[in-house]
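Structure first, then comments.
Only this structure's heavy atoms are used, side chains among them; waters, hydrogens and symmetry mates stay out. Numbers restart at 1 for each chain; the letters A, B, ... are given by sequence-line order, proteins then strands. What you see is a predicted model, and the numbers here were worked out from it, not measured in a lab.
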2 protein chains.
Amino acid sequence: MSDMNRKSTGPHRSTKQRAAIKDALVAARGFRSAQELHDELKAEGQRVGLTTVYRNLQALASAGEVDVLRTSEGEAIYRRCGTGEHHHHLVCTECGNSVEVGSEEIESWAKRVAKHHGFTPVDHTAEVFGICSGCSK
Amino acid sequence: MSDMNRKSTGPHRSTKQRAAIKDALVAARGFRSAQELHDELKAEGQRVGLTTVYRNLQALASAGEVDVLRTSEGEAIYRRCGTGEHHHHLVCTECGNSVEVGSEEIESWAKRVAKHHGFTPVDHTAEVFGICSGCSK
DNA sequence: ACGGATTTGACAATCGTTTTCAATAAGTCC
DNA sequence: GGACTTATTGAAAACGATTGTCAAATCCGT
Ligand SMILES: [Zn+2]
Ligand SMILES: [Zn+2]
Ligand SMILES: [Zn+2]
Ligand SMILES: [Zn+2]
């Protein structure tokens, strides 16, 4: 009952819904919006409320278990990545499939640019969007 | 050549509202959301409808006269940049001030990453967020 | 199984943005 | 200038994604 936790005050109980959401994200193997994930769960016979999908994706994201991006329309898309380490993505705009790309080149570029202009670096984005070989044929 | 095409679909009449919006963006010297710009116009005594601000920012953006980014919350922010050529940004998350950073390094990285995985490159994002020297005091 | 705290989910509310459509005003012709 | 045509404006309604509400369901330690 003490809260000597760190920044990530993760969930305390394990529920079927949370497991289903995690599984669906893993099976997706790419970026999905909350609504897409909800649709896929429904199609799969799982009954999980849309609100619950949003809440859990949120929790997973702030726990660092999933990555979040924004589409050019501003919609949040989530992905369960293979590594918890910082990385960037190559994303297919057609099917959401993506590749994780670590890049020391980008990291040093971001730091260099910030310092060169007297900024304290906080964050950076660097994602490549394209059409994957499967979708382009 | 592609720049000529973009401008052909531009607005046909010049209005006080459009001029006021452009001026406000220039004066801002950084990224602003549609609502922030609307507030600044109002504070300045200009009466421009919020809808008109949205519409003109949209038009300016698709004409290539302003750049658009998304905040981590998904809100669209706009900036009148000094150049029409492709570039990226270093943005202060406190005040919106930003620096344009051209980077052949990023361009080649994006192309290389896409090709290496069989993707047809479509677009890419690469922005650095931080606190500018003025805001970090 | 009991009981209390956590989690769920249907619904309402919110937020940024777009659409609608009647009123306004820019550009043109006289 | 004045009449005319039509792009543009703007208040309000509609919209889609996301968040808040809160009673009911569920998990879990005892
Ligand atoms: Zn694809
Ligand atoms: Zn990085
Ligand atoms: Zn600043
Ligand atoms: Zn670039």
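A donor-acceptor pair shorter than 3.5 Å cannot be found between the side chains of A/H88 and B/H124.
Where A/T51 and B/L50 each meet DNA chain C at their nearest nucleotide, the meeting point lying more 5' is that of A/T51. When the nearest nucleotides of DNA chain C are assigned to B/A34 and A/R47 by heavy-atom distance, the more 5′-ward of the two goes with A/R47.
Following rounding to the nearest Å, B/N56 (CG) and D/dT8 (P) show an atom-to-atom distance of 9 Å. With rounding to whole Å, B/E75 atom CD is found 12 Å from C/dT18 atom P. The separation between A/L37 atom CG and D/dT18 atom C1' is 15 Å, rounded to whole Å. Between the CZ atom of A/R70 and the P atom of C/dG16 there is a distance of 12 Å, given to the nearest Å. The NE2-P distance, from A/H38 to D/dG16, rounds to 17 Å in whole Å. Look at CD1 on B/I77: it is 14 Å from C1' on C/dG16, rounded to the nearest Å. For A/R18 and D/dT26, the CZ to P distance is 15 Å, given to the nearest whole Å. Here C/dT14 presents its C1' atom at 12 Å from CD of B/Q35, a figure rounded to the nearest Å.
Residue A/R55 is classed as a base contact, given a heavy-atom separation below 4.0 Å to a base.
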**Report entry** Verdict with reasoning, A/I131 to A/T93, per side-chain contact (heavy atoms from CB on, under 4.5 Å)
**Finding:** CA-CA 6 Å; A/I131 314 288; A/T93 54; 3.4 Å; yes
Exercise for review: Determine, step by step, whether A/F31 and A/H89 satisfy the ring-ring contact (aromatic ring centres under 6.0 Å, His included) criterion, reporting the C-alpha distance in whole Å, the side-chain angles of both residues, the deciding distance to 0.1 Å, and the verdict.
Suggested key: CA-CA 10 Å; A/F31 281 92; A/H89 304 92; 4.9 Å; yes
Q: Quick one: do B/R47 and B/K42 satisfy side-chain contact (heavy atoms from CB on, under 4.5 Å)? Show the steps, please.
A: CA-CA 6 Å; B/R47 52 179 116 97; B/K42 193 188 292 178; over 6 Å; no
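Contact between the side-chain N/O atoms of A/Y54 and the OP1/OP2 oxygens of D/dT19 is not found at any separation under 4.0 Å. Between D/dT19 and A/Q58, a contact under 4.0 Å exists linking OP1 or OP2 to a side-chain N or O.
The closest side-chain heavy-atom distance from A/T15 to A/R18 is below 4.5 Å.
Note that the CG atom of B/D67 and the CD atom of B/E127 stand 8.5 Å from one another [nearest 0.5 Å].
Between the side chain of A/S33 and the base of D/dA17, no donor-acceptor pair of N or O atoms lies under 3.5 Å.
Panel note: side chain B/H87, backbone B/E85; a donor-acceptor pair is recorded below 3.5 Å.
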Quick tally for nucleotides 22-30 of chain C: nucleotides whose base has a protein heavy atom under 4.0 Å get B, sugar-phosphate-only ones S, the rest -, giving ---BBS---
